[in-house]
Amino acid sequence: MAENPVRFGIIGCAEIARKVARAMDLAPNSILYAIASRSIEKAKNFAATNGLPENVKIYGSYDQVLDDPCVDAVYMPLPTSLHVHWAVLAACKKKHLLLEKPTALNVAELDQILEACESNGVQFMDGSMWLHHPRTAKMKDLLSNYSGQLNFIHSQSTSSATPEFLESNIRVKPDLDALGALGDSAWYCIGAILWAKDYQLPTTVTALPDVTRNLAGVILSCTASLHWDQPDTTVATIHCSFLSHSSMDLAICASKGSLHVKDFIIPYQEHSASFDFTLDSKFLDLHIGWSVKPEEVCVTSQLPQEALMVQELARQVEGIRKSQFRPDSKWPGISRKTQLVMDAVKKSIDLGCKPINL
């Protein structure tokens with residue numbers, strides 16, 4: 001444990017907060033200092049259910065965490081419709097911000113959050129845990145150094161929601177998380193494709209006419225294509241759904257090789273993750289087989305990816321606290337580009353699947 005760990009507050013006792021609270025305990029440079037819910041009873045119940053230490057402060061309002069001078073950073077797993085209000089307020093209170101995805105309902109709202117963070121000198125990061133896994137860095141190394149030009153990318157994130165989820169979960173409520181599966185699942189798919197393209201924005205984004213909405217108009221399933229003209233032509237597709245069997249696929253085809261990972265968002269195992277990588281593969285004579293099989297590349301991790309995410313944010317906060325460097329613009333830049341493409345997918349859907357130029 002670091003001598004002066006970064007003290008985190010959690011605003012909102014959502015289910016995902018259980019995972020991140022554990023991550024704050026596992027990361028060597030952070031501690032969970034405070035939690036808050038809309039009622040003290042809910043906050044106390046969260047603390048008891050998750051076995052939090054007795055010294056964790058328990059608050060019955062979000063403002064109390066933001067007003068606590070001992071809190072350095074806050075994790076915010078609130079409904080997306082509440083992000084802009086509470087995230088801006090947190091930044092204005094000089095709290096560094098770990099914001100659950102999707103970061104906002106649209107890029108205009110996200111810009112308000114990012115401007116508040118920048119003007120108050122606080123670090124912003126969204127909750128895309130997979131980016132912090134060492135497997136991700138290994139995949140990038142192989143893609144950058146061996147695969148050649150990227151030709152086609154496909155990413156999907158699907159889950160088979162229960163009737164109870166489809167009836168009452170906040171992610172299907174237009175007043176809470178109006179983006180539905182687009183915000184909850186496609187955030188990862190879009191982010192993975194942008195990551196593969198070194199965060200070069202696509203030229204055109206087009207939704208496909210397979211959109212499924214609930215009676216309230218919230219997206220339950222959708223597909224979209226992304227197209228790059230320059231400097232190299234690349235086509236990508238995303239698919240997200242609350243109506244299909246669980247999948248978290250990322251497939252990348254390039255001029256010299258291909259990569260496939262089936263669990264890119266949440267690894268099958270906490271401390272070991274793998275992916276298939278194929279280089280210079282050809283068909284055998286008579287096309288009765290392949291010249292090489294995919295190589296399974298395994299990457300171990302001492303800490304789970306969510307703890308590595310917390311550790312990275314805490315490292316940034318510590319550096320800012322010691323006046324060693326300013327907030328890293330990398331993380332808000334990634335979030336903003338992901339939000340821009342997500343906005344384009346939604347606009348294309350709303351316009352009857354017309355192409356949207358970026």
Side-chain angles (χ1 to χ4, degrees), residues 8-27 30 32-53 56 58-62 65 73-83 86-87 90 97-105 125-130 132-133 157-188 214 218-220 240-248 263 265-268 270 304-310 313:
F8 275 88
I10 295 179
I11 295 180
C13 295
E15 180 69 19
I16 188 65
R18 299 178 59 211
K19 183 175 185 177
V20 179
R22 173 176 175 263
M24 292 170 185
D25 181 59
L26 292 173
S30 71
L32 175 56
Y33 181 85
I35 61 169
S37 187
R38 291 168 295 174
S39 71
I40 192 70
E41 291 78 15
K42 187 174 181 181
K44 287 181 177 179
N45 182 64
F46 181 89
T49 301
N50 293 283
L52 300 185
V56 174
I58 300 175
Y59 293 126
S61 75
Y62 303 154
V65 169
V74 293
Y75 168 59
M76 196 173 291
L78 298 175
T80 311
S81 61
L82 302 180
H83 282 189
W86 289 106
L97 184 60
L98 179 58
L99 185 61
E100 195 48 68
K101 55 82 205 164
T103 54
L105 293 175
M125 182 183 289
D126 77 51
S128 298
M129 302 171 186
W130 75 277
H132 303 270
H133 198 290
S157 175
T158 63
S159 59
S160 182
T162 64
E164 292 78 16
F165 179 102
L166 296 174
E167 177 67 27
S168 59
N169 192 273
I170 65 168
R171 284 166 282 190
V172 298
K173 299 294 184 182
D175 58 331
L176 296 174
D177 268 302
L179 296 170
L182 177 61
D184 184 65
S185 300
W187 181 272
Y188 293 117
N214 65 11
V218 176
I219 295 168
L220 302 180
C240 63
S241 178
F242 290 152
L243 307 175
S244 300
H245 185 265
S246 298
S247 67
M248 298 178 173
D263 59 345
I265 301 170
I266 303 173
Y268 292 135
E270 191 167 63
Q305 60 184 12
E306 61 270 19
L308 293 171
M309 174 183 70
V310 170
L313 180 60

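Predicted model, so just to flag it, every value in this text is computed and none were measured.
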Novice: Can you find a pair of side-chain heavy atoms, one from L78 and one from H83, that are under 4.5 Å apart?
Specialist: yes
Novice: Test V74 against L98 for side chain to side chain contact (heavy atoms under 4.5 Å, CB included), laying out the working first.
Specialist: CA-CA 6 Å; V74 293; L98 179 58; over 6 Å; no
Novice: Using a 4.5 Å cut-off on heavy atoms from C-beta on, say whether the side chain of Y75 contacts that of I16.
Specialist: yes
Novice: What are the two closest heavy atoms between I11 and P77, and how far apart are they?
Specialist: O-CD, 3.0 Å
Novice: Looking only at heavy atoms, what is the nearest atom pair of L105 and A178, with distance?
Specialist: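 Heavy atoms only, the tightest pair is CD2-N, 4.2 Å.
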Novice: Please name the pair of heavy atoms, one in L243 and one in L220, separated by the smallest distance, quoted to 0.1 Å.
Specialist: CD1-CB, 4.1 Å
Novice: Rounded at 0.5 Å granularity, tell me how far NZ in K42 sits from OG1 in T49.
Specialist: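 Going from NZ on K42 over to OG1 on T49, the span is 11.5 Å.
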Novice: Output the distance between atom CD1 (I58) and atom CD1 (I40), rounded to the nearest 0.5 Å.
Specialist: 6.5 Å
Novice: Would you find a donor on one side and an acceptor on the other, under 3.5 Å apart, between the side chain of S160 and the backbone of H245?
Specialist: no
Novice: Could you pull out the closest heavy-atom pair between N214 and V172, with the gap in Å?
Specialist: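 Closest pair (atom of N214, atom of V172, distance): ND2-O, 3.1 Å.
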Novice: To the nearest 0.5 Å, what is the distance between CE on M24 and CG on L313?
Specialist: 8.5 Å
Novice: Please list, chain by chain and in numerical order, all residues satisfying side chain to side chain donor-acceptor pair (under 3.5 Å) with W187, sequence neighbours excluded.
Specialist: S128
Novice: Could you report the tightest heavy-atom contact between S37 and C13, atom names first, then the distance?
Specialist: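 In this case the closest contact between S37 and C13 is CB-SG, 3.9 Å.
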Novice: With sequence neighbours left out, what residues match T158 under side chain to side chain donor-acceptor pair (under 3.5 Å)?
Specialist: S247
Novice: Looking at Y59 and V65, what are the two nearest heavy atoms and their distance?
Specialist: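 Here Y59 and V65 meet closest at CD1-CG2, 3.5 Å.
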Novice: What distance separates I219 CD1 from D177 CG, expressed to the nearest 0.5 Å?
Specialist: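 Result: 12.0 Å between the selected atoms.
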Novice: What is the distance from atom CZ of F46 to atom CZ of R18, rounded to the nearest 0.5 Å?
Specialist: 7.5 Å
Novice: Under the 3.5 angstrom rule, does the side chain of Q305 hit a backbone N or O of I265 as a donor-acceptor pair?
Specialist: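 Checking the backbone N and O of I265 against the side chain of Q305, a donor-acceptor pair under 3.5 Å is found.
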Novice: For K101, what residues pass the salt bridge (Lys or Arg N to Asp or Glu O under 4.0 Å) criterion, not counting sequence neighbours?
Specialist: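 K101 satisfies salt bridge (Lys or Arg N to Asp or Glu O under 4.0 Å) with D184 only.
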Novice: Taking C-beta and beyond as the side chain, do T80 and L176 meet within less than 4.5 Å on heavy atoms?
Specialist: no
Novice: What's the separation between atom CE in M309 and atom CG in D126, rounded to the nearest 0.5 Å?
Specialist: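 Between atom CE of M309 and atom CG of D126 there are 8.5 Å.
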Novice: Under 6.0 Å between ring centres: does that hold for Y62 and W86?
Specialist: yes
Novice: Counting only N and O atoms by type, is there a donor-acceptor contact under 3.5 Å from the side chain of H132 to the main-chain atoms of E306?
Specialist: no
Novice: Between N50 and L52, is there a donor-acceptor pair closer than 3.5 Å when you use the side chain of the first and the backbone of the second?
Specialist: no
Novice: Can you confirm whether more than 12 heavy atoms, excluding those of K44, are under 6.0 Å from its NZ atom?
Specialist: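 Open: at most 12 neighbouring heavy atoms sit under 6.0 Å from NZ of K44.
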Novice: Are the side chains of P79 and K173 in touch, meaning some heavy atoms are under 4.5 Å apart?
Specialist: no
